[in-house]
Amino acid sequence: MQNRQVAAIFNELADLLEIEGENPFKVRAYRNAARTIEGLGDALEDMIDRGEDLTKLPGIGEDLAEKIVEIVRTGKLSKLEEVRKEVPDSLRALLSIEGLGPKRVKTLWETLHITDPDTLKKAAEEHKIRELPGFGPKTEENILKGMHLLKQEGIRFLFAEAEAYAIDLKAFLQKAPGLHTVEVAGSFRRRKETVGDLDILCTAAEPQKVINYFIAYDKVVKVISAGSTRSTVILQNALQVDLRVVEQKSYGAALQYFTGSKSHSIALRKIAVDMGLKINEYGVFRGDKVIAGKTEEEVYASIGLRYIEPELRENRGEIEAARDDTLPRLVTLEDIRGDLHMHTTYSDGLDTIEAMVQKAISLNYDYIAVTDHSATLAVVKGLDTKKAAAYLEEIEKLNSRYEEIHIFKGMEVDILEEGKPAMDDAVLDKLDIALGAVHANFKLSGKEQTKRVLKAIRNPHIKGIAHPTGRLIGKREPLDLDMDEIYKAIREEGKFLEINAQPERLDLNDILIREAKEAGVMLAVNTDAHAAGQLEYMRYGINQARRGWLEKGDLINTLPLGKLLQVIGKG
DNA sequence: GCCGTTTTCGGCCCGACTGTTTTCAGTCG
């Protein structure tokens with residue numbers, strides 16, 4: 001039973017209870033618990049096995065702790081089974097229709113016996129809905145329009161995809177009449193690996209003019225709302241954009257509010273309440289008097305906190321750290337001295353080794369590792385023993401030609417099912433950096449998979465593990481690895497784990513990165529570039545590293561060349 | 001259902017927009 005499944009059960013229960021009309025604070029308690037569980041570094045199952053006290057977790061009390069144990073032990077929750085008998089589970093689907101919340105869904109169910117999207121559609125088409133109290137023709141129409149958006153519900157965009165749209169939109173908004181500033185906030189500003197919508201904050205003297213300009217953007221296909229200070233639209237690509245316009249004096253408070261995360265902001269507001277203050281998007285107030293709001297620094301300072309970087313704002317301990325002045329000094333792109341994972345025409349890359357070298361020089365790197373694939377069934381275009389000889393020779397040649405950069409002889413070596421590297425020792429002996437990686441047999445049991453990777457880590461030829469969990473965001477689940485065992489082995493062997501910067505990998509994820517750091521594990525952010533231009537993906541990996549609380553000293557590729565040589569045993 | 005250097009009971013973040021109303025409930029972020 002995975003944490004995500006436990007969280008899903010609580011979310012489902014919350015939805016059904018809310019439709020039932022249960023105390024909204026009780027409903028919120030279930031949702032808060034689900035959020036806490038989703039953000040957990042450890043598997044609940046392991047925590048229970050170790051006898052840890054779950055009520056220590058935020059938002060988990062006696063009752064919910066018991067329910068968690070029940071779910072983990074039995075795979076289900078009797079309370080949910082009971083509620084399902086009272087409220088049809090299919091009603092949940094209706095909640096995802098724009099404009100339908102628990103109250104209206106309950107009304108539809110009790111009066112017209114609507115239980116799912118199909119019966120809802122029929123009732124709307126027969127104009128039965130407009131007759132209900134609290135409903136009208138407009139609502140009925142909106143329900144019908146919202147029906148075909150139902151399927152697209154819940155899609156999230158990779159950060160890198162959202163970035164492209166955000167850049168376009170920002171450039172467009174910069175030309176809005178009377179605009180002062182425009183900033184993309186929300187999960188985009190927090191640099192989450194996926195982004196559900198874009199939240200954009202503008203400051204302008206006349207907000208209405210900016211709103212009017214915004215909804216005329218040529219990629220807008222639907223205007224959901226457009227008031228005097230905020231608006232929500234849907235773009236062609238189904239991306240939702242929320243725009244908020246405030247005055248300059250509220251910029252900091254509004255940026256904080258619009259950046260979130262929701263639970264981070266709620267926690268701040270609670271602190272303010274305890275101090276007799278109130279925080280909203282216009283400022284920090286004592287009574288009617290504004291005491292802060294122009295900048296985010298001011299807002300945090302007003303409740304006794306240091307400024308918190310957006311990447312940390314997830315209510316996972318950053319607020320306590322800000323109070324104690326123990327926040328990390330997050331690593332930056334400028335700290336990176338080199339890239340230790342990339343591919344060339346020697347395997348499945350698009351550019352030559354020399355093209356990669358030249359691009360790396362333009363990025364001011366001190367070193368790179370060229371790490372083409374070893375050939376296996378999974379990676380057919382890779383290096384065999386014979387091809388490897390030419391490959392290594394060319395790296396050496398380029399190394400003497402380009403004095404301004406050091407080129408490591410590397411290879412991304414497939415870890416076979418038994419944990420052995422897919423390359424002869426004779427070749428491995430000649431390498432500076434061999435990265436072990438899993439590219440096939442993803443379905444092994446957690447125990448076997450862990451054993452397989454541990455064996456690779458203990459292999460003296462392997463220096464690091466590339467994209468350790470093998471996940472592809474939205475496409476492939478991570479390997480079922482015992483990460484604590486992995487961290488232990490990596491630490492003992494003096495090896496490193498990679499943070500892979502490919503937009504759909506970002507592997508390790510933020511939570512595992514932070515765990516790894518706490519376990520004393522060395523890490524490296526690498527691009528796994530398959531073309532020279534992709535060396536610029538480093539920034540995505542840095543985003544992830546920052547979300548994992550990493551500082552410069554946690555990454556080996558911030559080290560100067562001499563120090564790095566020592567770390568990989570070549571100094 | 002959670003939580004507590006004010007509290008073990010009585011609070012629980014805060015405001016904008018829409019559509020339905022005729023002063024506001026429901027929804028959303």
Side-chain angles (χ1 to χ4, degrees), chain A residues 10 13-14 17-19 21-36 54-68 77 79 94-108 129-143 145-146 153 185-187 196-201 207-208 211 215 223-234 240-246 250 253-254 256-285 299 303 315:
Chain A
F10 282 155
L13 183 55
L17 288 177
E18 198 171 26
I19 292 169
E22 178 61 275
N23 174 1
F25 297 106
K26 188 189 277 193
V27 172
R28 188 186 297 172
Y30 281 112
R31 295 226 165 90
N32 286 341
R35 204 162 40 218
T36 294
L54 299 180
T55 65
K56 292 260 162 59
L57 297 171
I60 311 281
E62 296 263 328
D63 182 88
L64 287 177
E66 253 176 58
K67 287 192 166 74
I68 291 170
L77 181 63
K79 166 90 174 171
L94 305 184
L95 291 174
S96 63
I97 294 169
E98 182 79 41
L100 282 190
K103 300 273 169 58
R104 286 188 175 140
V105 168
K106 188 183 187 196
T107 304
L108 291 168
I129 288 173
R130 63 178 64 193
E131 311 297 337
L132 297 175
F135 290 76
K138 198 89 188 200
T139 307
E140 186 177 84
E141 198 183 317
N142 283 338
I143 286 172
K145 277 190 198 157
E153 160 76 18
S187 54
D197 60 8
L198 289 180
D199 299 301
I200 300 183
L201 176 69
Q208 188 70 62
I211 300 280
I215 60 177
V223 178
I224 290 178
S225 72
S228 54
T229 70
R230 75 179 297 166
S231 171
T232 298
V233 303
I234 306 282
Q240 178 172 318
V241 185
D242 297 322
L243 177 75
R244 188 71 199 265
V245 193
V246 299
S250 297
Q256 194 295 307
Y257 155 76
F258 229 32
T259 298
S261 67
K262 195 171 173 167
S263 64
H264 173 90
S265 293
I266 289 174
L268 296 188
R269 289 173 180 201
K270 280 181 182 165
I271 293 173
V273 170
D274 288 343
M275 295 172 71
L277 304 173
K278 182 179 75 170
I279 301 179
N280 58 29
E281 57 263 56
Y282 299 110
V284 183
F285 296 82
V299 173
I303 52 171
N315 198 20

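Throughout, a chain's letter reflects where its sequence line sits, starting with A, and its residues are numbered from 1. What's counted below: heavy atoms across the whole structure, side chains too, no hydrogens, waters or symmetry copies. Nothing here was measured: the structure is a model prediction, and the numbers come from that model.
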Taking atom [atom1] of [X] and atom [atom2] of [Y], what is their separation to the nearest 0.5 Å?
X	Y	atom1	atom2	value
A/Arg35	A/Phe10	CZ	CZ	14.0 Å
A/Ile68	A/Leu57	CD1	CG	7.0 Å
A/Leu17	A/Ile19	CG	CD1	9.5 Å

Between [atom2] of [N] and [atom1] of [X], the distance in whole Å:
X	N	atom1	atom2	value
A/Glu18	B/dA25	CD	P	17 Å
A/Lys270	B/dC3	NZ	C1'	9 Å
A/Leu54	B/dC2	CG	P	12 Å
A/Glu140	B/dG19	CD	C1'	14 Å
A/Ile266	B/dC3	CD1	C1'	15 Å
A/Leu132	B/dT21	CG	P	11 Å
A/Glu22	B/dG1	CD	P	7 Å
A/Ile211	B/dC17	CD1	P	7 Å

Using a heavy-atom cut-off of 4.0 Å across all strands, would you classify [X] as base, sugar-phosphate, or nothing?
X	answer
A/Thr232	nothing
A/Lys262	base
A/Val273	sugar-phosphate
A/Phe258	nothing
A/Pro207	nothing
A/Ala33	nothing
A/Asn142	sugar-phosphate
A/Lys67	sugar-phosphate
A/Ile279	sugar-phosphate

If you measure from the [atom1] atom in [N] to the same atom in [M], how many Å do you get, rounded?
N	M	atom1	answer
B/dC13	B/dC28	C1'	14 Å
B/dC17	B/dG11	P	30 Å
B/dC9	B/dC14	C1'	24 Å
B/dG26	B/dT21	P	12 Å
B/dC24	B/dT20	C1'	9 Å
B/dT8	B/dG1	C1'	14 Å
B/dG10	B/dG15	P	25 Å

Under 3.5 Å on both distances, the Watson-Crick or G-U partner of B/dT8: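 With both distances under 3.5 Å required, B/dT8 matches none.
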Distance test, side-chain N/O of A/Ser225 to OP1/OP2 of B/dA16, below 4.0 Å: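 Answer is no, no contact under 4.0 Å.
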Pair of N/O donor and acceptor under 3.5 Å linking B/dG29 base with A/Asp199 side chain: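 Counting by modelled atom types and ignoring angles, no donor-acceptor contact under 3.5 Å is found here.
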Nearest-nucleotide comparison on DNA chain B, the residue closer to the 5′ end among A/Asp274 and A/Pro133: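 By nearest-heavy-atom nucleotide position, the 5'-most residue is A/Asp274.
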Toward the 5' end of DNA chain B, by each residue's nearest nucleotide, A/Phe135 or A/Asp197: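 Nearest nucleotide further toward 5': that of A/Phe135.
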Hey, is the main chain of [Y] close enough, under 3.5 Å, to the side chain of [X] for a donor-acceptor pair?
X	Y	answer
A/Ser261	A/His264	yes
A/Ser231	A/Ile211	no
A/Glu140	A/Ile129	yes
A/Gln240	A/Asp197	no

Between [options], which nucleotide has the shortest distance from any of its atoms to the side chain of [X]?
X	options	result
A/Arg28	B/dT20, B/dC13, B/dC14	B/dC13
A/Tyr257	B/dT20, B/dC12, B/dG29	B/dG29
A/Thr229	B/dC14, B/dG19, B/dC17	B/dC17
A/Phe25	B/dC12, B/dT18, B/dC14	B/dC12
A/Leu64	B/dC17, B/dC13, B/dC2	B/dC2

Pair A/Asp274 + A/Lys270: basic N to acidic O under 4.0 Å: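 No, A/Asp274 and A/Lys270 are not salt-bridged.
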Note: A/Glu281-A/Arg230 ion pair, threshold 4.0 Å (strictly below):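 Result for this pair is no, no salt bridge flagged.
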Nearest heavy-atom neighbours spanning A/Gly196 and A/Ser187: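 So the minimum-distance heavy-atom pair works out to N-OG, 4.3 Å.
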4.5 Å side-chain heavy-atom contact, A/Leu201 and A/Val246: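 Yes. Closest side-chain heavy atoms under 4.5 Å.
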Any A/Thr139 side-chain heavy atom under 4.5 Å of A/Arg130 side chain: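 No, too far: nothing below the 4.5 Å cut-off.
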Please list, for nucleotides 22-24 of chain B, all pairs of protein and nucleotide N/O atoms separated by less than 3.5 Å.
none

Between the protein and nucleotides 26-28 of chain B, list every N/O to N/O distance that falls short of 3.5 Å.
| unit_1 | atom_1 | unit_2 | atom_2 | d |
| --- | --- | --- | --- | --- |
| B/dT27 | OP1 | A/Gly101 | N | 2.7 |
| B/dT27 | OP1 | A/Gly101 | O | 3.0 |
| B/dT27 | OP1 | A/Arg104 | N | 2.9 |
| B/dT27 | OP2 | A/Lys103 | N | 3.2 |
| B/dT27 | O5' | A/Gly101 | N | 3.4 |
| B/dC28 | OP1 | A/Gly99 | N | 2.9 |

